[in-house]
S.K.: 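Please find one structure pasted underneath; my questions will follow.
No hydrogens, no waters, no symmetry mates; every other heavy atom, side chains included, goes into these values. Chain naming here is simple, since letters A, B, ... match the order of the sequence lines and numbering starts at 1 in each.
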2 protein chains.
Amino acid sequence: MAQEQNLTKNQSLVFEKLSAADGPMSAYDLLDELREQGLKAPLQIYRALEKLQEVDLVHRLESMNSFVACAQPHCHAKTGLVAFAICEKCGTVSEFSDDVVQSRLADWATERNFTPTKTSLEIRGLCQGCG
Amino acid sequence: MAQEQNLTKNQSLVFEKLSAADGPMSAYDLLDELREQGLKAPLQIYRALEKLQEVDLVHRLESMNSFVACAQPHCHAKTGLVAFAICEKCGTVSEFSDDVVQSRLADWATERNFTPTKTSLEIRGLCQGCG
DNA sequence: ATGCCATACGTTATATCATAACACAATCCA
DNA sequence: TGGATTGTGTTATGATATAACGTATGGCAT
Ligand SMILES: [Zn+2]
Ligand SMILES: [Zn+2]
Ligand SMILES: [Zn+2]
Ligand SMILES: [Zn+2]
């Protein structure tokens, strides 16, 4: 919980809005909802998101240009790899990790002298309720 | 090779340009290079790319909004899951697949009644030469 | 052959996502 | 106390992607 304490005003606004949301939001979604709190420009959102991603409170969903609050804060030191299942009908996002997948990918990288910095793993499909 | 035969003119132009490239290209990169062949609008590129992705001749790299020709055409019926390692310095993209990762993700989905339609797995980092 | 359907094409306009560049303020700490 | 770092506010611009419209083509059933 330490990290939340250190957030600046804009970072807190963005993080709280994203945490309260029931699904992913785009940067412009966030901007629209934070105008009444005084935010006016996309950069204010993007800069906050950038910082929030650095401290693993927020993840970017590459396949849909949007962002979610982390579902398991403070566990990323252990997990390293984070995966998402994204329902294309209802928008629900499930965050999970898998040690076997992670070590398998680590092996692939090691064998080829590839130095990973960030991995994104996103499964699009239909969730239980929508399938 | 059957698939290449069936391509329309625009689809062939895009596919050949992408195959000849030594790395990923954005839709607008492609448009710039295909103007002399008569292409004029982004939609012409995007529509060709859409079709090429459907037949697995081209992959979209979600984490960088760009596209690559498939490195192992006609194997995707077997592999299903395709992964990419992307060098952030030199831009080299390595396409690979891994049965263990694939089955592990399939298990995750099965257990949760999640029906996958498309999975993207992209490892950013530094390749052997750039590390 | 005619009518119908599915697919591709061409074009203009617009929507959506993201960053450059600059000036200023707050904070940390040598 | 002064330099470095980080965050902020603002304007402008760049980059990526799709909507909406009309047309053309080819397959194929009547
Ligand atoms: Zn997380
Ligand atoms: Zn759903
Ligand atoms: Zn491929
Ligand atoms: Zn490299």
S.K.: Any salt bridge linking Arg124(A) with Glu122(A)? Criterion: basic side-chain nitrogen under 4.0 Å from a carboxylate oxygen.
M.R.: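 Answer for the salt bridge query: no.
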S.K.: Strictly by modelled atom types, are Glu95(B) and His59(B) linked by a side-chain donor-acceptor pair under 3.5 Å?
M.R.: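 On atom types as modelled, these side chains qualify, holding a pair under 3.5 Å.
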S.K.: How close or far is atom C1' of dT27(C) from atom CG of Asn6(A), stated in whole angstroms?
M.R.: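 So the two atoms are 13 Å apart, to the nearest Å.
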S.K.: Can you check the Arg35(B) CZ to dG10(C) C1' distance for me, whole Å?
M.R.: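 Result: 14 Å.
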S.K.: Check whether any side-chain nitrogen or oxygen of Arg60(A) sits under 4.0 Å from OP1 or OP2 of dC17(C), and answer yes or no.
M.R.: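 No, Arg60(A) has no side-chain N/O under 4.0 Å of OP1/OP2 on dC17(C).
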S.K.: I want to check one thing: is the phosphate of dG9(D), taken as OP1 and OP2, less than 4.0 Å away from some side-chain N or O of Gln44(A)?
M.R.: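 Indeed, a polar side-chain atom of Gln44(A) lies that close.
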S.K.: Any side-chain N or O of Thr8(A) less than 4.0 Å from the OP1 or OP2 oxygen of dT6(D)?
M.R.: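 For Thr8(A), the contact criterion (side-chain N or O under 4.0 Å from OP1 or OP2 of dT6(D)) is not met.
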S.K.: Would you kindly give the CG-to-P distance between Leu7(B) and dA8(C), to the nearest whole Å?
M.R.: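 Going from CG in Leu7(B) over to P in dA8(C) covers 10 Å.
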S.K.: To the nearest angstrom, how far is Arg47(B) atom CZ from dA6(C) atom P?
M.R.: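 These atoms are roughly 18 Å apart.
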S.K.: So what does Ala27(A) hit on the nucleic acid, given a heavy-atom distance under 4.0 Å: a base, only sugar-phosphate, or nothing?
M.R.: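 Contact class for Ala27(A): none.
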S.K.: Closest nucleotide of DNA chain D for Lys51(A) versus for Leu43(A): which of these residues is on the 5' side?
M.R.: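 Whichever sits nearer the 5' end wins; that is Lys51(A).
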S.K.: Check the side chains of Thr117(B) and Glu88(A) for a donor-acceptor pair under 3.5 angstrom, ignoring hydrogens and angles.
M.R.: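 A donor-acceptor contact under 3.5 Å links the two side chains.
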S.K.: Are the charged groups of Arg60(B) and Glu50(B) less than 4.0 angstrom apart, N to O?
M.R.: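 No, Arg60(B) and Glu50(B) are not salt-bridged.
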S.K.: When the nearest nucleotide of DNA chain C is assigned to Leu39(B) and to Tyr46(A) on a heavy-atom basis, which residue is associated with the more 5' position?
M.R.: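 Comparing both residues, the 5'-ward one is Leu39(B).
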S.K.: For Ile45(B) and dG10(C), give me the distance from atom CD1 to atom C1', rounded to whole Å.
M.R.: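 Distance, rounded to whole Å: 13 Å.
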S.K.: To the nearest Å, how far apart are Tyr28(A) OH and dT16(C) P?
M.R.: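 Whole-Å distance recorded here is 11 Å.
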S.K.: Grab the CG-P distance between Leu34(A) and dT8(D) for me, whole Å please.
M.R.: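 For the pair Leu34(A) CG and dT8(D) P, the rounded distance is 13 Å.
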S.K.: Give a yes/no on whether any side-chain N or O of Ser26(A) is located under 4.0 angstrom from OP1 or OP2 of dC17(C).
M.R.: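 Looking at the OP1 and OP2 atoms of dC17(C), one of them is under 4.0 Å from a side-chain N or O of Ser26(A).
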S.K.: Look at the aromatic rings of Phe96(A) and Trp108(B) and report parallel, tilted or perpendicular, splitting at 30° and 60°.
M.R.: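 Parallel.
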S.K.: Nearest heavy atom decides the nucleotide; on that basis, is Asn65(B) or Gln11(A) closer to the 5' end of DNA chain D?
M.R.: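 Going by which nucleotide is closer to the 5' end, it is Gln11(A).
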S.K.: Starting at atom CG of Leu13(A), determine the distance to atom C1' of dG9(D), rounded to an integer number of angstrom.
M.R.: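 My rounded result for the distance is 15 Å.
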